[in-house]
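Notes to accompany the following structure.
Just so you know, residue 1 is the first one in the sequence shown, and it goes up from there. Whatever order the structure lists ligands and atoms in, that order sets their numbers, starting from 1.
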Amino acid sequence: MERPNAWKKYKKTELKKVESLAQKYRSFLDHGKTERECAAYAAEALEKAGYILLDKAIADKKKLKAGDKVYINQMNKAIVAFLIGKKPLEEGMNIVGAHIDSPRIDLKQNPFYEDNDFALADTHYYGGIKKYQWVARQLALHGVAVKKDGSVVTICIGENEDDPVVGVGDLLIHLSQEQAGKKLGEAITGENLDITLAGKPLEGEEKEPVKAQLLKILKDEYGLEEEDMLSAEIEAVPAEKARDYGLDRSMIMGYGHDDRCCAFAELEALLGITEIPEYTCCGMLVDKEEIGSVGATGMQARYMENAVAEIAVLMGKSSELTVRRTLQHSRMLSCDVSAGFDPLYASAFEKKNAAFLGRGVCYNKFTGRMGKSGSNDANAEFIGKIRKIMDENYISWQTAELGRVDLGGGGTIAYICALYGMEVIDSGIAVLNMHAPMEVISKADLYEAVKAFRAFMINA
Ligand code: MN
Ligand code: MN
């Protein structure tokens, strides 16, 4: 039952492909540190491959037929792409979905204050983080500020070599006796994850001169007033670039593998389909998974369903029933990272059912916590079909479960899509240090995931 390590099967030419894919992915991570940046990357790649905005197809009253490519851009934070297949829509789509939001530290709406010759920003973290991992490290600021006239100012500070970085302070070890005695989860508080932004008073300013210095920079370099922060979304993320990990360069360490490795693999898989598929292929890159898939850009919003309804009409089918049948008869890989086995924390896993780095794409029959609660539990019939597709396409794959029973757990977007009555299984890439500022995946697993997602879209 043990799954073989994928690295063992690669010959010279395939090793080269694994490496070139990894390089492309590292660049994707470096340019996509927020959901907005990932959505922009995806939209550009789709446009280049001949996908057109669904809104444009609707305006042009375009008749959609097999081979046509359309996509939607939901508020610049989620993308859903469709490659129309030969079979009737009602026979269902082959859907691959991943999320493009990652844990981070967000600035509050009224962020700035001055305290003892520092200007700082108040924050509220996003997603599940171990707070102690986010202090005393280089952070970059990414995001947008929207002015009252609707103009959008894009902010990206800390990515260029000569950019400044920002960060959250930690207490020196010499004075940490009290802090060190606290529980891990309580040693750093959420309200104390404030970001230091400036430390020099503005000349001639009496009242809060360091904050004045900060505001002057925002005004001079970005044309922003303090009040513009009220309608801003600014995320503090690790400033480091993704790097090869391990002396053998077999892995990648970087920010946001969860779940941008699956998002990237999905996009590569979809764009790699050059033939007209039997069934319509759908690639989803969604937002807000880390906070429960809520909001208008999360999976719980109905933009995918709405898009299917629009597509049905453009294909000459106006019945509501077409949409319901299409979704009910669809098949889906809900792609998200899986907890990779870490020998340093072996006791957190049950080894026969753990995901191992390098052993290929993972399939999780269920996720959830304490008796599978909150999980989508994939049907055995569907898993049988997946096994056949994977084996017939020489894909390295493994089955996995998120850690030892009753130790914790997690969820994905799977259960939301399953509400339509479609077949869904959790699939993805094993990651170490999940939700840490720097996560680790294996290059082999990324390569196998692209092959797996493509094989699924063509054969499921
Ligand atoms: Mn995830
Ligand atoms: Mn996550």
Side-chain angles (χ1 to χ4, degrees), residues 25 28-29 32-35 37-39 42 77-79 95-106 125-131 133-134 185 235 237-238 242 252-267 283-295 297-300 332-340 342 348 354-355 357 361-369 374-376 378 400-403 407-418 424-442 445-446 449 452-453:
Y25 173 58
F28 169 74
L29 277 189
K33 290 194 175 181
T34 66
E35 62 281 28
E37 290 168 356
C38 290
K77 295 177 180 178
I79 300 281
I95 305 171
V96 178
H99 69 91
I100 49 178
D101 59 316
S102 295
R104 61 187 187 243
I105 302 176
D106 288 340
Y125 62 97
Y126 174 95
I129 61 168
K130 290 166 102 171
K131 299 183 189 82
Q133 295 175 332
W134 292 76
E235 311 178 6
V237 297
I252 299 168
M253 174 178 256
Y255 165 64
H257 285 315
D258 179 5
D259 181 31
R260 293 170 186 148
C261 60
C262 293
F264 172 80
E266 171 196 314
L267 204 54
M284 300 197 294
L285 304 176
V286 301
D287 182 31
K288 298 285 185 283
E289 192 277 341
E290 295 295 356
I291 59 167
S293 298
V294 292
T297 55
M299 191 67 244
Q300 292 192 54
M332 178 183 181
L333 296 185
S334 166
C335 300
D336 207 342
V337 291
S338 207
D342 185 338
L357 262 67
V361 66
C362 304
Y363 287 95
N364 293 50
K365 185 177 188 299
F366 53 85
T367 57
R369 53 173 61 230
S375 166
N376 166 67
E401 171 169 355
L402 189 75
L407 195 61
T412 64
I413 61 169
Y415 76 97
I416 303 161
C417 299
V424 186
I425 185 166
D426 277 293
S427 169
I429 293 169
V431 62
L432 299 182
N433 315 345
M434 197 190 294
H435 285 206
M438 286 290 125
E439 303 173 315
V440 174
I441 64 162
S442 166
D445 297 334
L446 181 71
F453 299 167

> Which residues satisfy the side-chain hydrogen bond (donor to acceptor under 3.5 Å, both in side chains) test with Y255, sequence neighbours excluded?
Replying inline: none
>> Could you check whether any side-chain N or O of K33 sits under 3.5 Å from a backbone N or O of P238, counting only pairs where one atom can act as donor and the other as acceptor?
In response: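 Judged by distance alone, yes, a pair lies under 3.5 Å.
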>> Could you measure the distance from the OG atom of S427 to the CE atom of M332? Nearest 0.5 Å is fine.
In response: 10.0 Å
> Relative to the Mn ion (ligand 2), how many protein N, O or S atoms have a separation of less than 2.8 Å?
Replying inline: 4
>> Under a plain distance cut-off of 3.5 Å, with no hydrogens placed, do H435 and Q133 share a side-chain donor-acceptor pair?
In response: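 Result is no, nothing qualifies.
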>> Check this for me, if you would: do R104 and E35 make a salt bridge, where the nitrogen-to-carboxylate-oxygen distance has to be below 4.0 angstrom?
In response: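 Result for this pair is yes, salt bridge flagged.
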> Taking the six-membered ring for Trp, are the ring centroids of Y25 and H257 within less than 6.0 Å of each other?
Replying inline: yes
